[in-house]
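The structure under discussion appears below in the form of structure tokens.
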Amino acid sequence: SFSQLHVERSMKLNNMITFKYFLIIFVILNLNCTTFSLRSHKKQVRITFAGDIMCHSSQLASYYDSKTKSYQADKSFDYIAKRIKNSDLVLGNLETTIVSSPDLYSGYPRFGSPKAIVESLKKTGFHILSTANNHSADKGSLGIDLTIDTVLEEGIIPIGTYKSIDDYTTRKNLIIT
């Protein structure tokens, strides 16, 4: 009969509604923030930029350890080390050149620094150093070349200056994967 068919349809509809509400409640109770963040497909990257990393005469003097007769620059980066280490990518502007001999070390106006500054930048967590700035050529082409070599030896990527056309051709496109 018509009324029996109507009752059966109503019961089916009520069961479907009940099931939908049950499903919604189940999903809400079982989801958490992690599930939502994974479903949004967002990725976050923390990038830090640091500028004007240079070495003045007073810093050169403080880096020298008379006992070991060597230079060590780690203390210059103590205050930023934690922030740098919490970053996924760290870029800096190396506003000095690296030179091979203490006789060539100098502060302003023609910067020449020991390799220790780049070693300390690596320990601190820098990944990329721009070597292109108004002090890039303070020690001539030898300073440019040694700066690039030192940065590469420490496993940091130098950008902005090149040793030759071949070097430019090889390193001009920076692709980070």
Side-chain angles (χ1 to χ4, degrees), residues 33 37 40-177:
C33 293
S37 67
S40 70
H41 302 292
K42 289 184 181 179
K43 294 186 180 196
Q44 294 182 344
V45 177
R46 186 176 304 257
I47 302 173
T48 300
F49 296 90
D52 292 0
I53 301 165
M54 47 183 39
C55 196
H56 286 279
S57 297
S58 59
Q59 290 169 292
L60 285 168
S62 72
Y63 293 164
Y64 186 70
D65 182 345
S66 58
K67 292 176 187 169
T68 62
K69 297 188 188 305
S70 64
Y71 288 82
Q72 211 273 1
D74 293 353
K75 58 188 163 193
S76 282
F77 306 104
D78 284 348
Y79 293 106
I80 64 166
K82 185 176 180 183
R83 172 172 272 169
I84 297 293
K85 295 220 186 285
N86 287 330
S87 299
D88 299 302
L89 180 64
V90 182
L91 298 91
N93 176 32
L94 185 60
E95 192 128 356
T96 186
T97 55
I98 305 304
V99 291
S100 58
S101 165
D103 297 341
L104 300 172
Y105 297 167
S106 59
Y108 181 82
R110 295 185 64 226
F111 291 98
S113 303
K115 290 181 177 187
I117 193 165
V118 179
E119 293 166 359
S120 294
L121 290 168
K122 176 62 177 183
K123 287 181 200 170
T124 303
F126 281 81
H127 302 104
I128 299 172
L129 291 174
S130 172
T131 54
N133 53 63
N134 59 312
H135 291 286
S136 298
D138 281 0
K139 299 296 181 175
S141 62
L142 292 176
I144 292 170
D145 292 353
L146 186 57
T147 301
I148 292 167
D149 289 342
T150 303
V151 171
L152 286 168
E153 285 168 11
E154 287 300 321
I156 301 173
I157 301 168
I159 58 172
T161 57
Y162 304 93
K163 295 171 33 170
S164 65
I165 295 294
D166 289 338
D167 184 36
Y168 170 75
T169 303
T170 303
R171 295 190 301 111
K172 69 179 177 179
N173 298 318
L174 175 62
I175 300 170
I176 301 171
T177 56

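These numbers come from the heavy atoms of this one structure, side chains and all, not from hydrogens, waters or symmetry mates. Starting from 1, each residue takes its place in the sequence as its number.
- Within a 6.0 Å sphere centred on CD1 of Ile165, other residues, nucleotides and ligands contribute 12 heavy atoms or fewer.
- Shortest non-hydrogen contact noted between Cys55 and Ile117 is CB-CD1, 4.1 Å.
- Ser76 and Gln59 make their closest contact through OG-NE2, 3.9 Å (heavy atoms, listed as atom of the first residue, atom of the second, distance).
- Between Thr161 and Ser136, the closest heavy-atom pair is CG2-OG, 4.0 Å.
- Shortest non-hydrogen contact noted between Gly112 and Val99 is C-CG2, 3.9 Å.
- Considering all non-hydrogen atoms of both residues, Gly107 and Ser57 come closest at N-OG, 3.5 Å.
- Counting heavy atoms from C-beta outward, His135 and Arg110 have side chains that stay 4.5 Å or more apart.
- Salt-bridge formation is detected for the pair Asp167/Arg171: a Lys NZ or Arg NE/NH1/NH2 atom is positioned less than 4.0 Å from an Asp or Glu carboxylate oxygen.
- In terms of the side chain to side chain donor-acceptor pair (under 3.5 Å) criterion, Thr97 has no residue partners (sequence neighbours excluded).
- Sorted by first and then second residue, the side chain to side chain donor-acceptor pair (under 3.5 Å) pairs with a member in residues 83-92 read Thr48-Ser87; sequence neighbours excluded.
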Residues Lys139, Ser106; criterion side-chain hydrogen bond (donor to acceptor under 3.5 Å, both in side chains); working and verdict: CA-CA 10 Å; Lys139 299 296 181 175; Ser106 59; 2.9 Å; yes
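- A side-chain donor-acceptor contact under 3.5 Å links Asp74 and Ser120.
- Side-chain contact check for Ile128 versus Ile176: some heavy-atom pair is nearer than 4.5 Å.
- Listed by chain and number, the residues in a salt bridge (Lys or Arg N to Asp or Glu O under 4.0 Å) with Asp149 are Lys163 (sequence neighbours excluded).
- Ring to ring, Tyr63 and Tyr71 are not that close: their centroids are 6.0 angstrom or more apart.
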Criterion side-chain contact (heavy atoms from CB on, under 4.5 Å) on Leu121 and Leu94, from CA distance to verdict: CA-CA 10 Å; Leu121 290 168; Leu94 185 60; 4.0 Å; yes
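- A side chain to side chain contact (heavy atoms under 4.5 Å, CB included) with Thr150 is found for exactly one of Thr147, Leu146, Ile148, namely Leu146.
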Criterion side-chain contact (heavy atoms from CB on, under 4.5 Å) on Ser62 and Tyr64, from CA distance to verdict: CA-CA 6 Å; Ser62 72; Tyr64 186 70; over 6 Å; no
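- Remark: His127 NE2 to Ile84 CD1 distance equals 9.5 Å, nearest 0.5 Å.
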Derivation of the side-chain contact (heavy atoms from CB on, under 4.5 Å) call for Leu91 and Leu129: CA-CA 6 Å; Leu91 298 91; Leu129 291 174; over 6 Å; no
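- Here OG1 of Thr131 is found 11.0 Å from CD of Glu95. Values are rounded to the nearest 0.5 Å.
- Residues Asn93 and Asn133 meet the side-chain proximity criterion, which asks for heavy atoms closer than 4.5 Å.
- Ring geometry for His56 against Tyr108 counts as tilted: the plane angle lies between 30° and 60°, on a 0 to 90° scale.
- The shortest non-hydrogen separation linking Pro114 to Leu60 is CD-CD2, 3.4 Å.
- Two residues are said to be in side-chain contact when any heavy atoms from C-beta on lie closer than 4.5 Å; Ile156 and Val118 meet this criterion.
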